[in-house]
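Encoded as structure tokens, the structure appears first; notes follow it.
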Amino acid sequence: MSLSALGILLAGAVIYYFSSPANEAEANIALKHKEAAVVDLGRAVYAENCASCHGVALEGQANWRQRDADGYLPAPPHDETGHTWHHPDSYLFLMTKYGV
Ligand code: HEC
């Protein structure tokens with residue numbers, strides 16, 4: 001590999017590293033689903049910020065597996081009928097913080 005190619009590769013890696021929205025601490029997040037106080041707080045935050053799309057009872061939006069006319073997916077349920085439970089904690093955290 002030529003030196004300039006190596007330089008371009010290195011620059012790309014540096015740009016990627018600094019533009020990557022997720023830092024390592026965030027990627028190592030673990031949800032505290034067994035701490036009652038955290039769950040209670042989450043319930044209130046959910047009701048205020050998430051229930052409008054994901055449903056008051058976590059049921060999600062109708063036909064959530066089908067893309068709309070603009071190509072977007074509706075909000076999926078967060079109960080056992082969806083697939084949220086299937087994802088690792090870090091994915092759920094990053095998805096909530098930064099979006100799709
Ligand atoms: C304006 C509507 C809206 C609100 C409000 C909203 N979401 Fe979502 N959410 C969506 C949509 C739409 C998707 C699916 C995006 C996709 O897959 O393309 C989604 C996906 C998710 C996912 C990924 C689920 C999976 O199984 O892949 C998580 C986790 C999530 N939302 C959490 C939250 C949380 C937590 C809140 C509140 C803090 C919230 N969302 C508020 C619309 C919303």
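Just so you know, ligand 1 is whichever comes first in the structure, and atom 1 is the first atom listed for that ligand.
Looking at D68, its side chain does come within 3.5 Å of a backbone N or O of G71 through a donor-acceptor pair. The backbone N or O of P74 sits nowhere less than 3.5 Å from a side-chain atom of Q61 that would complete a donor-acceptor pair. In this structure, T84 contributes its side chain and D79 its backbone to no donor-acceptor pair below 3.5 Å.
Interface of T84 with ligand 1, defined as ligand atoms under 4.0 Å from a residue heavy atom, comprises 24 (C), 25 (C), 26 (O). If you number the atoms of ligand 1 from 1 as listed, the ones under 4.0 Å from a heavy atom of V100 come out as 15 (C), 16 (C), 18 (O). If you number the atoms of ligand 1 from 1 as listed, the ones under 4.0 Å from a heavy atom of P76 come out as 13 (C), 14 (C), 19 (C), 20 (C), 24 (C). Taking a cut-off of under 4.0 Å to the non-hydrogen atoms of H87, the atoms of ligand 1 that pass are 25 (C), 26 (O), 27 (O). Every atom of ligand 1 with a heavy atom of N49 under 4.0 Å away is listed here by number and element: 5 (C), 37 (C), 41 (C).
Atom CG of L73 sits about 9.5 Å away from atom CD of Q66, to the nearest 0.5 Å.
Of the protein's heavy atoms, C53 SG, 1.9 Å lies nearest to atom 2 (C) of ligand 1. Counting only heavy atoms of the protein, atom 35 (C) of ligand 1 lies nearest to T96 CG2, 3.5 Å. Nearest protein heavy-atom contact of atom 28 (C) of ligand 1 is H78 CE1, 3.5 Å. Given atom 36 (C) of ligand 1, the protein heavy atom at minimum distance is C50 SG, 2.7 Å. Nearest protein neighbour of atom 11 (C) of ligand 1, counting heavy atoms only, is A75 CA, 3.6 Å. Looking only at protein heavy atoms, the nearest one to atom 26 (O) of ligand 1 is H83 ND1, 2.7 Å.
Nearest-heavy-atom check against atom 29 (C) of ligand 1 across L73, L92, L94 picks out L92.
Under 4.0 angstrom from ligand 1, the non-hydrogen atoms of M95 all belong to its side chain. Of the heavy atoms in W85, none comes closer than 4.0 Å to ligand 1.
The list of salt bridge (Lys or Arg N to Asp or Glu O under 4.0 Å) pairs with a residue in residues 38-58, not counting sequence neighbours, reads D40-R43.
Contact detail for V39 and K32: the closest heavy-atom pair is CG2-O, 4.1 Å. The two atoms that bring L31 and L92 nearest to each other are CD1-CD1, 4.2 Å, heavy atoms only.
Y91 and Y98 fall within a single hydrophobic cluster, where Ile, Leu, Val, Met, Phe, Trp and Tyr side chains are chained together by heavy-atom contacts under 4.5 Å.
Within the 4.0 Å heavy-atom shell around ligand 1 one finds P74. Contact analysis leaves Y46 out of contact with ligand 1, as no non-hydrogen atom separation drops below 4.0 angstrom.
Residues V100 and M95 form a side-chain contact, since some pair of their non-hydrogen atoms from C-beta on lies under 4.5 Å apart. Looking at H83 and W64, their side chains come closer than 4.5 Å, going by heavy atoms from C-beta outward.
For a distance bound of 2.8 Å, the N, O or S atoms of H54 include one lying that close to atom 8 (Fe) of ligand 1.
By the 30° and 60° cut-offs, the orientation of the rings of H54 relative to Y46 is tilted.
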